[in-house]
Peer 1: 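Next up is a structure, given as structure tokens.
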Amino acid sequence: MTGPGHALVVGAGIAGTAVALVLRRAGWRVTVLEARPAGERPLGSSLSLADNGRAVLRDLELLAEVEAAGTPTHRISFHDHRGREIGSNDQVSTLIRRDRLGRVLRDAARRAGVRIVEEARVVGLRDDGPDGVVAALADGSRHTGELLVGADGVHSYTRRWLFPEHPPARFTGVLDGGGSAPAVAGVAPDGVLRLTFGGNAFFGYQALPGGEVVWFQSMAIADDDTTGPRADPLNRWRDRLVALHGGDHPPIPAILDASTGPVIRWPVHDLDPPQRWHRGRVCLVGDAAHAMPPHDGQSSSMALEDALVLGRCLAAADVGAAFDSFQQLREPRVATVAGLARRTGSVKFPSGARERRARDAVLAMFIRSGVAASEEVSRYRLPGLTGSPAAARSARGPAGRPAARTGPADSRG
């Protein structure tokens with residue numbers, strides 16, 4: 001295998017900065033190309049970081065920093081629209097705003113020596129084989145590296161360049177969002193994230209130590225004119241949210257009434273993964289390769305797992321073989337988790353009273369089954385979690401050959 005050289009990463013989100021950090025610690029010079037303008041503040045809705053993602057951050061020695069920027073959750077409680085608890089998951093997670101998690105990763109990458117170039121929109125790629133990959137930017141500049149990782153999300157330019165015939169991501173008819181209320185009477189911080197399968201839509205909330213209540217919500221909507229997140233004034237959505245959740249159990253109506261905005265909104269897109277995640281010296285990771293539905297809170301954790309596995313593979317093999325091994329190791333795990341998320345999403349939006357009654361009749365059983373599956377997903381640990389070349393070689397099997405594919409039954413780690 002060749003020694004580490006210069007790696008280009010397209011996208012400075014969670015997947016991109018995590019990949020950059022892992023590669024830099026393995027000895028690569030890394031340049032991250034981020035399309036957003038310098039100084040633009042990323043939108044900061046909250047996410048729940050599951051324990052398998054936390055395990056990767058622990059290996060990267062960043063878990064304490066992430067925990068300090070977030071809020072601990074020791075239990076997730078599931079409810080029907082009347083407020084009856086129908087299940088719970090006692091695994092530890094971290095509630096954190098997406099922009100804060102991203103800032104921890106970006107700062108760590110910069111401390112490690114990663115160069116992050118902002119306002120660097122990639123408009124052209126060229127793979128010159130042994131001579132490297134060239135990324136052309138909108139401003140006319142060019143960057144060259146021995147390999148390029150596309151971590152540019154579900155609408156990935158890198159994926160379109162690699163596989164122009166592959167169908168683009170499609171809007172699922174679901175609009176996710178989140179907001180906050182400074183305080184809500186009777187809602188005290190207790191480390192519990194409460195999720196409700198409401199009469200018309202899905203709602204979740206948790207009180208932070210200072211009393212602020214953060215919430216997130218999913219609704220079915222006919223169409224949407226955006227491809228990414230946006231911040232809307234609360235008044236644009238208040239009537240719609242009250243209509244959807246006014247009949248749900250307390251304190252949901254009170255949380256909406258006490259909210260001050262803005263509401264962060266983003267349309268949910270899904271993607272049929274391409275048959276291959278790589279070609280030549282270019283590879284996809286995270287949502288660029290396998291869009292992860294948000295319904296089970298695993299998108300960020302899957303991106304973090306991707307980063308560590310790709311780094312290990314590149315530490316143990318030349319670029320082409322490493323990319324092959326990366327997909328072989330990740331594809332079964334990703335398919336299992338994405339399938340679970342889609343199953344959860346299928347019961348969030350009853351289309352009428354009859355459908356809601358039918359759903360509620362089996363919801364408790366559905367949740368028990370789903371919690372068991374989610375606990376197994378969260379318990380997963382990448383073998384070794386050391387990030388060392390030895391661990392990568394072990395993951396690849398004897399004589400540097402890729403390990404056999406593992407099915408869902410083998411995904412416990």
Peer 1: How close do Leu244 and Gln217 get, counting heavy atoms only, and between which atoms?
Peer 2: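 Taking Leu244 first and Gln217 second, the nearest heavy atoms are CD1-NE2, 3.6 Å.
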
Peer 1: How about Leu310 and Arg330: do any of their side-chain heavy atoms sit closer than 4.5 Å?
Peer 2: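 No - every pair of side-chain heavy atoms lies 4.5 Å or more apart.
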
Peer 1: With distance as the sole criterion, is a donor-acceptor pair present between the side chains of Asp324 and His278 under 3.5 Å?
Peer 2: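 Asp324 vs His278: donor-acceptor pair found between side chains.
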
Peer 1: Describe, in one word, how the ring planes of Phe216 and Phe202 are oriented to each other, choosing from parallel (under 30°), tilted (30 to 60°) and perpendicular (over 60°).
Peer 2: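 Phe216 vs Phe202 ring planes: tilted.
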
Peer 1: Taking NZ, NE, NH1 and NH2 as the nitrogens, is one of them in Asp128 or Arg281 under 4.0 Å from a carboxylate oxygen of the other?
Peer 2: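 Looking at Arg281 together with Asp128, the answer is no, because their closest N to O distance does not fall below 4.0 Å.
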
Peer 1: Which atoms form the tightest heavy-atom contact between Asp232 and Pro262, and what is the distance?
Peer 2: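 Asp232 and Pro262 have their closest heavy atoms at O-CB, 3.3 Å.
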
Peer 1: His6 vs Thr31, test: side-chain hydrogen bond (donor to acceptor under 3.5 Å, both in side chains). Steps then yes/no.
Peer 2: CA-CA 8 Å; His6 185 209; Thr31 299; 2.8 Å; yes

Peer 1: According to the interplanar angle, ranging from 0 to 90°, do the rings of Phe326 and Trp277 count as parallel (below 30°), tilted (30 to 60°) or perpendicular (above 60°)?
Peer 2: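 Correct class here is perpendicular.
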
Peer 1: Hey, what's the ring geometry for His249 with His79, parallel, tilted or perpendicular (30° and 60° as the breaks)?
Peer 2: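 Correct class here is tilted.
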
Peer 1: Identify whether the distance between the nearest side-chain nitrogen and carboxylate oxygen of Glu65 and Arg111 falls below 4.0 Å.
Peer 2: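 A salt bridge links Glu65 with Arg111.
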
Peer 1: When you compare the side chains of Gln206 and Thr71, does any donor N or O come within less than 3.5 Å of an acceptor on the partner?
Peer 2: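 No, Thr71 and Gln206 have no side-chain donor paired with an acceptor closer than 3.5 Å.
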
Peer 1: With the threshold set at 4.0 Å, does a side-chain nitrogen-carboxylate oxygen contact exist between Arg342 and Asp270?
Peer 2: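 Yes, Arg342 and Asp270 are salt-bridged.
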
Peer 1: Are the side chains of Leu49 and Ser301 in contact, using a 4.5 Å heavy-atom criterion?
Peer 2: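 They are in side-chain contact.
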
Peer 1: Return the minimal non-hydrogen interatomic distance between Arg160 and His155, and the atom names on each side.
Peer 2: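 So the two residues come closest at NH1-O, 2.8 Å.
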
Peer 1: Taking all heavy atoms of Gln91 and all of Arg379, pick out the closest pair and write down the distance.
Peer 2: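 Closest pair (atom of Gln91, atom of Arg379, distance): NE2-CG, 3.1 Å.
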
Peer 1: Looking only at non-hydrogen atoms, find the nearest pair between Asp127 and Gly280 and report the distance.
Peer 2: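 Here Asp127 and Gly280 meet closest at OD2-CA, 3.5 Å.
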
Peer 1: Does some side-chain heavy atom of Trp161 sit less than 4.5 Å from a side-chain heavy atom of Val10?
Peer 2: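 The answer is no, as the side chains (C-beta and beyond) never meet within the 4.5 Å cut-off.
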
Peer 1: More than 12 non-hydrogen atoms from neighbouring residues, nucleotides or ligands closer than 6.0 Å to CZ on Arg75, yes or no?
Peer 2: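 Atom CZ in Arg75 is crowded, with more than 12 foreign heavy atoms closer than 6.0 Å.
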
Peer 1: With a 4.5 Å heavy-atom cut-off, do Leu101 and Val66 have their side chains touching?
Peer 2: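 Answer yes - side chains close enough.
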
Peer 1: Kindly indicate whether a cation-pi arrangement holds for Arg333 with Tyr380, taking the cut-offs as under 6.0 Å to the six-membered ring centre and within 45° of the axis.
Peer 2: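 Positive - Arg333 is close enough to the ring of Tyr380 and near enough to its axis.
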
